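See below for the structure under consideration.
Bear in mind the structure is a predicted one, so any value in this text is a computation, not a measurement. A note on names: the letters A, B, ... follow the listed sequences, proteins ahead of strands, and every chain is numbered from 1.
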2 protein chains.
Amino acid sequence: MSKHTIWDGPLVSSVEPLKARRLFLLLRDRILSGDIGPNTRLPSEPLLAQEHGVSRVTVRRALDKLADEGLIERRPGSGTFVNTRPTSAQVTADFSNVLTHLVEMGRRTDVKLISFAYMAPTPALTSDLKLQPGERVQRSVRVRLIDGQPFSYLITHVPERIGISYSEADLASTPLLELLERSGIVAERAQQIIGATLAGPEVAAALDLEIGAALLSMTRIVYDPSGRGIEHLQALYRPDRYSLNMDLIRTGANGARRWSPVERPRVSTPKTKSIPKTRVNRVSIQRRTTR
Amino acid sequence: MSKHTIWDGPLVSSVEPLKARRLFLLLRDRILSGDIGPNTRLPSEPLLAQEHGVSRVTVRRALDKLADEGLIERRPGSGTFVNTRPTSAQVTADFSNVLTHLVEMGRRTDVKLISFAYMAPTPALTSDLKLQPGERVQRSVRVRLIDGQPFSYLITHVPERIGISYSEADLASTPLLELLERSGIVAERAQQIIGATLAGPEVAAALDLEIGAALLSMTRIVYDPSGRGIEHLQALYRPDRYSLNMDLIRTGANGARRWSPVERPRVSTPKTKSIPKTRVNRVSIQRRTTR
DNA sequence: TCAAGCTGTCCTATTGATGGCACAGCTTTC
DNA sequence: GAAAGCTGTGCCATCAATAGGACAGCTTGA
């Protein structure tokens, strides 16, 4: 039943080209979710191979990748063990802060401006921002880093009439919304859509990820009091370095009980006791950009 | 240092396992971002092959995948065209409803119970739910469907003392929180973490996706007034069928302006004027390709 | 001490993914 | 109507990914 038919049902296309990747993802999820738990010994390579119907070579590749990410430790003669890990995201955004700043607990955040240009809007942009016919937009792509590590990829579109109120240099140093409000532009209403997507080549490179990695996606459109769009943001986050947290309390009478968001204490305890060295290496290799 | 394996460079894959996948993601991003725009004709297959330095076979695979997702339409003899409105999610959850029901605009939602068992908790679960030593948990896995199409995969862990207050059959028909409150258990506080992850084999099969697809992830822990955990939920959503929407308004004085969530009208205009036929096609095709 | 079991390494088939080419059928353009 | 260009399809060659072994060196436990 589940021998060669493992790939029976699923959606599109052919055959999974990478069983190793598949096994890697499976084990990674089990480890990160705490399902396997730190310091536990994984099943032996031959066992894993048998359980998942793959060869030991494939199992080894999956384990190699896990070891590369620092999730497991392999002890020859003994077994393969799950590492204790600075688990969840390094940066968390409280719900009420989503639109403003990050929770910056004494960490240094930088912004790198990838591109900056004025262009004709796509049809989708025109309708989202309620642009006038012929009106152009400013497109900027930025990457945010914390402690030198990239965690978000931001594609921003702003109507030209608004974009000219600040400079390219401003954008590289100041949050866009702040720039806008500083110029007297009033943000009144906003709509956010949160989803998930896969990393394409450019985004993957910018966020120091492999192509096809999972990303948390947020699309935001900000409107002024007259209902015209003043900012269109497409943000892509590395889920291992950024997540959306919210605390909720149950309110209301018994008949109509519901959940309400709660203010978070501003500084959550920095649980970054040790940055895994693999990460550090990777970043230093990647780029020694801004100071 | 890094052995002789193909996976040499830790993350940024020097050798990409799947050129087709890579090209697929690249084109998908350009289409979804509006970079290519609806009704535009893509470069011809030979041209794309040349531009990206791959063979036409590979280009074809990438385009096949795009077509499967309904993003493009291929017209023999004419060219390959970007479809109008790659569409957004079919189901959207308003922020204030995240914890309750979906916005069910006259659509039929079903729940399928995948598994149900009592087991020993993992270490992570023990700490998350603040379990007593030796206390067991009830684990249930459910899939939610709308109009017969799966969109969410729910893994729930509940302390045994609480789980016994309802039956397996209850779980397949009623939301868990409702069951709990019906039993007199009080949900007081909750914490939610939203992120993204990749689909593993089981989840992919259950949600009718391919392995490695992007998923919106939500982890929720609900506590009773005494601070003990009563529910641990790991929810995985198909981002093309479910997304998190929120409307915000700018409040507060000039000094401390911030964003606050806004109540949504309960029934958002069903922008599903017509379920795009591409979707329908996909489903039927999907069944056909079972081999 | 010995036996069992584990990882590290090497080897050889087989299968899948890709590259490269040719041709048919269709649409558009001139 | 003809030419050009596109997608759909088939074929074969090449190379990477996987399967399936074998063996060495190590650790653990009896």
key: Distance under 6.0 Å and angle within 45° of ring axis: A/Arg75 vs A/Phe81   = yes
Whole angstroms only, please: what is the [atom1]-[atom2] distance between [X] and [N]?
X	N	atom1	atom2	value
A/Arg21	C/dG16	CZ	P	20 Å
A/Phe81	C/dG5	CZ	C1'	12 Å
B/Glu45	C/dC21	CD	P	16 Å
A/Arg22	D/dT18	CZ	P	11 Å
A/Leu63	C/dT7	CG	C1'	10 Å
A/Asp64	C/dT7	CG	P	12 Å
A/Gln50	D/dA19	CD	P	14 Å
B/Leu23	C/dA17	CG	C1'	14 Å

query = Starting at the 5' end of DNA chain D and moving along, which residue's nearest nucleotide shows up first, B/Arg41 or A/Val59?
reply = B/Arg41
With a 4.0 Å cut-off on N to O distance, would you call [X] and [Y] a salt bridge?
X	Y	value
A/Glu210	A/Arg21	yes
A/Arg30	B/Glu202	yes
A/Glu135	A/Lys130	no
A/Arg41	A/Glu73	no

Can you tell which of [options] lies closest to the side chain of [X]?
X	options	value
B/Arg60	C/dC6, D/dG8, C/dA17	D/dG8
B/Thr80	C/dA17, D/dT7, C/dG8	D/dT7
B/Ser55	C/dG19, D/dT18, D/dT7	C/dG19

[X] vs [N]: side-chain N/O to OP1/OP2 distance below 4.0 Å:
X	N	value
A/Arg56	C/dT7	no
B/Thr58	C/dG19	yes
B/Lys19	D/dA16	no
B/Arg74	D/dC6	no
B/Ser78	D/dT7	no
B/Ser44	D/dC6	yes

message = Is there a side-chain contact between A/Ile31 and A/Asp35 in this structure, where contact means two heavy atoms from C-beta onward sitting under 4.5 Å apart?
response = no
ask   = Given side chains that start at C-beta, do those of A/Arg28 and A/Phe24 come closer than 4.5 Å, heavy atoms only?
value = yes
inquiry  = Regarding B/Arg60 and B/Ser55, do their side chains bring together a donor and an acceptor under 3.5 Å, going by distance alone?
reply    = no
message = Heavy-atom nearest nucleotide on DNA chain C for A/Val57 versus A/Gly77: which residue maps closer to 5'?
response = A/Gly77
query = Does the C/dG8 base have a donor-acceptor partner in the side chain of A/Arg75 within less than 3.5 Å?
reply = no
task = Would you mind reading off the bend of the helix from C/dT1-D/dA30 to C/dC30-D/dG1 from its two end axes, five pairs each, to 10 degrees?
result = 30°
task = Give one of base, sugar-phosphate or nothing for A/Ala49, where a contact means two heavy atoms less than 4.0 Å apart.
result = nothing
